[in-house]
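What follows is a single structure, written as structure tokens, with notes after it.
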Amino acid sequence: QLRAGVTIDGGPLTGVNISHQQFDITVEGDALRVRNVGSTRPLADGTEIPRGSSVLLRPGAVLEVPGNCVLLVGRSPLSFPPPPAYLLPLHPFGEADRLGIVGESWRATQLRLDAVFAASAGRHVFVHGPTGTGKELVARAIHVLSPRSGGPYVTANSASFTAELAALELFGNPRNYPNPGTPERPGYFAQARGGTLLLDEIGEVLAAVQAPLLRALEGAYNRVGDPVSRPTECVVIVATNRDPQSIKHDVLYRLGVTVETPALADRREDISLLVRALLLRRGRPFEIDASLIVGLLRSPLPGEVREVDNILTLAIASSGAESPLRWPSRL
């Protein structure tokens, strides 16, 4: 168990289907030379390794001892830095931390450290990563860890804004504007006063509100139809899965801190932990067959955590009530 500030040696692998000495493993460049010296017949990416034979396994390769364990070849620092006080006490290994983040890989650890830094910096934040990697979860974690945690946390789905109404949604309007009888609208910036405003999928709306949003990120804004300038009294978190190059550079310059949410391809060692967390949310215990984990480890998973959850749903539907969850045959 390698984690921030501590490394725990779990000892040798044990089980009924593994030899006392099963593998001889050495490093060759950026790969591992794995020799089978035991009586069990392990599989490397689905191919059997005869006794006395060896294979060269690069990061991402899956080594399975049928009926015993699944091992993933990967790369990691030799040690992780001690955790900041914000994250203490550490959560039980493999479980969700108090922010809801699951993962013990270096990328998951770095994500927690980045969230702590973003929360303490007091700057507007740019959260970027593929769809399904937990950008909204990270945004809420930044709010919870910040001095503004006692204030409101407001989310705005920018993708739902229309070009005509975007400024009204963000900044609000006084009574009777733009038409007589129109009620006063506070806008998202006013609702988030003293707290945090998450603008999710902002790439969908930048063209419509670029100029007023730039000024708001600088520290002031105007309600639509109101000449009185108002101070921006919240930290803005902008989240998107788009290429940062597609966002105007003058907007990015006003987002002082960037947090990248890693794809599962960059932290495959966390997949089994995510499986456990996703299944626990379903409210009943499940037994897992190794084929399910092997299938997930060897799949590209472009849908990220959402795709893992969908595969688990399919596995549950195709398994008997008392049977372990296996890799769905249709996949």
Problem set entry | Short side-chain donor-acceptor distance under 3.5 Å, Ser105 and Asp270 | yes

Exercise. For the hydrophobic clusters of this structure (ILVMFWY residues joined by side-chain heavy atoms under 4.5 Å, transitively), does one cluster hold both Ile293 and Leu264?
Worked result: yes

Exercise. Under the side-chain contact (heavy atoms from CB on, under 4.5 Å) criterion, do Arg185 and Leu168 qualify, and how do the steps go?
Worked result: CA-CA 8 Å; Arg185 184 183 315 193; Leu168 289 172; 4.1 Å; yes

Problem set entry | Nearest-0.5 Å distance, CG of residue Leu90 to CZ of residue Arg112 | 8.5 Å

For this session: Measure from the side-chain N and O atoms of Ser19 to the backbone N and O of Gln21, and report whether any donor-acceptor pair falls under 3.5 Å.
Result: no

For this session: Please report the closest heavy-atom contact between Gly100 and Leu137, naming both atoms and the distance.
Result: O-CD2, 3.5 Å

Problem set entry | side-chain contact (heavy atoms from CB on, under 4.5 Å) evaluation trace for Leu213 with Phe189 | CA-CA 10 Å; Leu213 180 60; Phe189 272 83; 4.1 Å; yes

Problem set entry | Residues Arg140 and Thr155: side-chain donor-acceptor under 3.5 angstrom | no

Exercise. Just wondering, more than 12 heavy atoms not from Arg282 lying within 6.0 Å of its CZ?
Worked result: yes

Exercise. Does Ser53 use its side chain to pair, donor to acceptor, with the backbone of Ile49 at less than 3.5 Å?
Worked result: no

Problem set entry | Reported OG1-to-NZ distance for the pair Thr240 and Lys135, which is rounded to 0.5 angstrom | 7.0 Å

Exercise. How many angstroms lie between CG in Leu63 and CG in Leu32, if you round to the nearest 0.5 Å?
Worked result: 9.5 Å

Exercise. Any Lys/Arg nitrogen of Glu184 or Arg223 sitting under 4.0 Å from an Asp/Glu carboxylate oxygen of the other?
Worked result: yes

Problem set entry | Any Leu199 side-chain heavy atom under 4.5 Å of Leu197 side chain | yes

Problem set entry | Separation of Leu170 CG from Gln191 CD (nearest 0.5 Å) | 10.5 Å

Problem set entry | Pair Arg306 + Asp309: basic N to acidic O under 4.0 Å | no

Exercise. Taking side chain as C-beta onward, heavy atoms only, is Asn17 less than 4.5 Å from Pro66?
Worked result: no

Exercise. Side chains of Glu104 and His91: donor-acceptor distance under 3.5 Å anywhere?
Worked result: yes

Problem set entry | Pair Asn176-Thr182, side-chain donor/acceptor within less than 3.5 Å | no

Exercise. For the atom pair CD1 (Ile271) and CZ (Arg298), what is the distance rounded to the nearest 0.5 Å?
Worked result: 13.0 Å

For this session: Mark yes or no for whether His124, through its side chain, and Val236, through its backbone, hold a donor-acceptor pair below 3.5 Å.
Result: yes

For this session: For Trp106 and Pro81, work out which heavy atoms get closest and say how close.
Result: CZ3-CD, 3.6 Å

Problem set entry | Main-chain N/O of Gly122 paired with Arg148 side-chain donor or acceptor, under 3.5 Å | no

For this session: Examine distances only and state if a side-chain atom of Asn173 and a backbone atom of Ala167 form a donor-acceptor pair shorter than 3.5 Å.
Result: no

Problem set entry | Cluster link Ile25 to Leu71, ILVMFWY, side chain under 4.5 Å | yes

Exercise. Transitively linked via ILVMFWY side-chain contacts under 4.5 Å: Leu88 with Leu2?
Worked result: no

Problem set entry | Ile288-Leu301 co-clustered via ILVMFWY side chain contacts under 4.5 Å | yes

Problem set entry | Test item: Arg276 and Leu273 side chains (from C-beta on) under 4.5 Å apart, heavy atoms | no

Exercise. Does the side chain of Val154 reach to within under 4.5 Å of the side chain of Arg193, using non-hydrogen atoms?
Worked result: no

Exercise. With no hydrogens and no angle check, is any side-chain donor or acceptor of Arg254 less than 3.5 Å from a backbone partner on Asp250?
Worked result: yes

Exercise. Between Asn157 and Glu201, does any side-chain donor sit less than 3.5 Å from a side-chain acceptor?
Worked result: no

Exercise. Can you tell if the side chain of Pro285 reaches within under 4.5 Å of the side chain of Leu280, non-hydrogen atoms only?
Worked result: no

Exercise. With distance as the sole test, does Asp45 use its side chain to make a donor-acceptor pair with the main-chain N or O of Val62 at under 3.5 Å?
Worked result: yes

For this session: Spell out, as yes or no, whether a donor-acceptor pair under 3.5 Å connects the side chain of Ser291 to the backbone of Trp327.
Result: yes

Problem set entry | Worked check of side-chain contact (heavy atoms from CB on, under 4.5 Å) between Thr258 and Leu252 | CA-CA 9 Å; Thr258 298; Leu252 289 177; over 6 Å; no

Exercise. If you group Ile, Leu, Val, Met, Phe, Trp and Tyr by side-chain heavy-atom gaps below 4.5 Å, do Val305 and Leu325 land in one group?
Worked result: yes

Exercise. Any sub-3.5 Å donor-acceptor pair from Thr232's side-chain atoms to Ala216's backbone N or O?
Worked result: yes

Problem set entry | Rounded distance (nearest 0.5 Å) linking atom CG of Asn68 with atom OG1 of Thr40 | 7.5 Å

Exercise. For Arg41 and Asn36, does a side-chain donor sit closer than 3.5 Å to a side-chain acceptor?
Worked result: no

Problem set entry | Minimal non-hydrogen separation, Ile311 against Pro328, with atom names | O-CG, 4.1 Å

Problem set entry | Any Ser39 side-chain heavy atom under 4.5 Å of Arg51 side chain | yes

Problem set entry | Donor-acceptor pair, side chain of Ser54 and main chain of Arg33, under 3.5 angstrom | no

For this session: Before giving the answer on side-chain hydrogen bond (donor to acceptor under 3.5 Å, both in side chains), spell out for Ser318 and Arg326 the whole-Å C-alpha distance, their side-chain angles and the decisive distance to 0.1 Å.
Result: CA-CA 8 Å; Ser318 58; Arg326 303 180 185 277; over 6 Å; no

Exercise. Is the CZ atom of Phe286 crowded by more than 12 outside heavy atoms at less than 6.0 Å?
Worked result: yes

